Amino acid sequence: ATEEEEPAAARGFALALDFLEANPEAEIETREKLAGKVNYLRGSDPAEHRTGLPTYGELVYQDLWSGVDMAVRGEEGALKYEFLVEPGANVEDIGLAYRGAEGLSLDEEGDLRISTALGELTDTAPVSYQEVDGERVPLESRYVLDESAGSYGFKVGVGYDPARPLVIDPGLTYSTFLGGTQFDEGRGIAVDEFDNAYVTGLTRS
């Protein structure tokens with residue numbers, strides 16, 4: 001069958017989260033070094049292989065927008081990301097877009113719906129807070145869409161104090177999807193007693 005005749009499930013798709021008007025020189029800080037190592041064996045030339053690379057529990061894009069860091073980490077088997085907004089920084093500078101998505105929308109609960117060739121994925125409504133006298137004070141916050149650009153950002157409600165640090169924590173719910181922008185094929189899958197998933201197959205991503 002030609003690619004046009006194949007069902008979408010046979011072709012698959014890839015999503016990428018783009019940072020809009022972000023600092024191209026943002027440095028990545030690694031935190032919480034882990035015991036595990038990873039290997040990248042691309043191609044047949046051993047000189048191009050990368051083995052024994054360290055892994056980390058958290059990566060922080062520093063000053064991705066002026067006064068705004070983005071932290072990415074694993075938490076309870078899922079990928080988490082959050083924005084750390086310094087005092088005086090502008091929340092509205094944060095701009096994101098899902099490359100590969102067919103459209104974005106918001107549902108009645110304020111969740112972000114990401115339309116793809118294989119259906120909808122969801123980022124749950126953001127949870128935001130500030131530390132006041134050692135306690136987390138929750139703040140009302142929501143996604144803001146620019147449908148014409150296919151992008152989104154955040155808005156923080158009443159009670160936000162620009163003189164204090166702010167944390168915006170969206171809920172990423174599709175992080176168990178696998179694959180990349182090139183050929184991927186799963187041949188087998190298994191789950192152990194700790195709910196870890198193991199996939200074997202082929203990839204050129």
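Counting from 1, the numbers follow the sequence of the chain as shown. All values reported here derive from a predicted model rather than from experimental measurement.
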Query raised in the report: To the nearest 0.5 Å, how far apart are OH in Y81 and CG in D123?
Result: 4.5 Å
**Report entry** Any D169 side-chain heavy atom under 4.5 Å of K80 side chain
**Finding:** yes
Query - Inter- and intrachain pairs under ring-ring contact (aromatic ring centres under 6.0 Å, His included), touching residues 22-52, at least two apart - result: none
Query raised in the report: Around atom CD of E92, are there more than 12 heavy atoms of other residues, nucleotides or ligands at under 6.0 Å?
Result: no
**Report entry** From L64 atom CG to D69 atom CG, the distance as rounded to the nearest 0.5 Å
**Finding:** 8.0 Å
Query raised in the report: Under 4.0 Å between a Lys/Arg side-chain N and an Asp/Glu carboxylate O for R31 and E29?
Result: yes
Requested in this report: Determine, stepwise, if the pair Q62 / E27 fulfils side-chain contact (heavy atoms from CB on, under 4.5 Å).
Outcome: CA-CA 5 Å; Q62 296 183 314; E27 295 187 1; 4.3 Å; yes
Query - N/O donor-acceptor pair under 3.5 Å between T55 side chain and G36 backbone - result: yes
Requested in this report: Mind running side-chain contact (heavy atoms from CB on, under 4.5 Å) on D63 and V68 for me, showing each step along the way?
Outcome: CA-CA 5 Å; D63 217 32; V68 180; over 6 Å; no
Only distances under 3.5 Å count here; give the side-chain donor-acceptor pairs of residues 102-109 to other protein atoms, sequence neighbours excluded, each with its distance to 0.1 Å.
from : atom 1 : to   : atom 2 : distance (Å)
D107 : OD1    : E109 : N      : 3.0
D107 : OD1    : G110 : N      : 3.1
D107 : OD1    : D111 : N      : 2.9
D107 : OD2    : R113 : NE     : 3.1
D107 : OD2    : R113 : NH2    : 3.1

**Report entry** Under 3.5 Å donor-acceptor, D18 side chain and L20 backbone
**Finding:** no
Requested in this report: Determine yes or no for a side-chain-to-main-chain donor-acceptor pair under 3.5 angstrom, with Q130 supplying the side chain and D161 the backbone.
Outcome: yes
Query raised in the report: If you round to the nearest 0.5 Å, how far is CZ of R73 from CD of E82?
Result: 4.0 Å
Requested in this report: With rounding to the nearest 0.5 Å, note down the distance linking CG in L41 to CZ in R50.
Outcome: 11.0 Å
Query raised in the report: Aromatic rings F154 and Y143: how do their planes relate, parallel, tilted or perpendicular, breaks at 30° and 60°?
Result: tilted
Requested in this report: Evaluate side-chain contact (heavy atoms from CB on, under 4.5 Å) for Y129 paired with V137, printing each intermediate quantity in order.
Outcome: CA-CA 5 Å; Y129 63 89; V137 176; 5.9 Å; no
**Report entry** Between CG on residue L15 and CG on residue L121, distance to nearest 0.5 Å
**Finding:** 6.0 Å
**Report entry** Beyond-backbone contact of K155 with R142, side-chain heavy atoms, under 4.5 angstrom
**Finding:** yes
Query - P87 side chain reached by P165 side chain, heavy atoms, under 4.5 Å - result: yes
Query - Co-membership, hydrophobic cluster, residues V144 and V127, 4.5 Å side-chain - result: no
Requested in this report: Taking the side chain as every heavy atom from C-beta outward, state whether V85 and V167 have any atom pair closer than 4.5 Å.
Outcome: no
Requested in this report: Identify whether V72 and I28 are in the same connected component of the hydrophobic contact network (ILVMFWY, side-chain heavy atoms under 4.5 Å).
Outcome: yes
**Report entry** Verify same cluster id: L96, L84 (apolar side-chain graph, 4.5 Å)
**Finding:** no
Requested in this report: Please indicate whether Y152 has more than 12 foreign heavy atoms, meaning atoms of other residues, nucleotides or ligands, lying under 6.0 Å from its OH.
Outcome: yes
Requested in this report: Answer with yes or no whether the hydrophobic clustering places V60 together with V91; edges join I, L, V, M, F, W, Y residues whose side-chain heavy atoms lie under 4.5 Å apart.
Outcome: no
Query raised in the report: Where do K33 and P54 come nearest, in terms of heavy atoms and distance?
Result: CE-CB, 3.8 Å
Query raised in the report: Nearest heavy-atom pair of P126 and S141: which atoms, and what distance?
Result: O-OG, 3.4 Å
Report summary line: E131 and R164 have their tightest heavy-atom pair at O-NH1, 3.6 Å
Query raised in the report: OH/Y160 to CG/L139 distance, rounded to the nearest 0.5 angstrom?
Result: 9.0 Å
Query raised in the report: So do F83 and P170 actually touch side chain to side chain, heavy atoms under 4.5 Å?
Result: yes
Query raised in the report: Less than 4.5 Å apart, any side-chain heavy atom of L145 and any of L112?
Result: yes
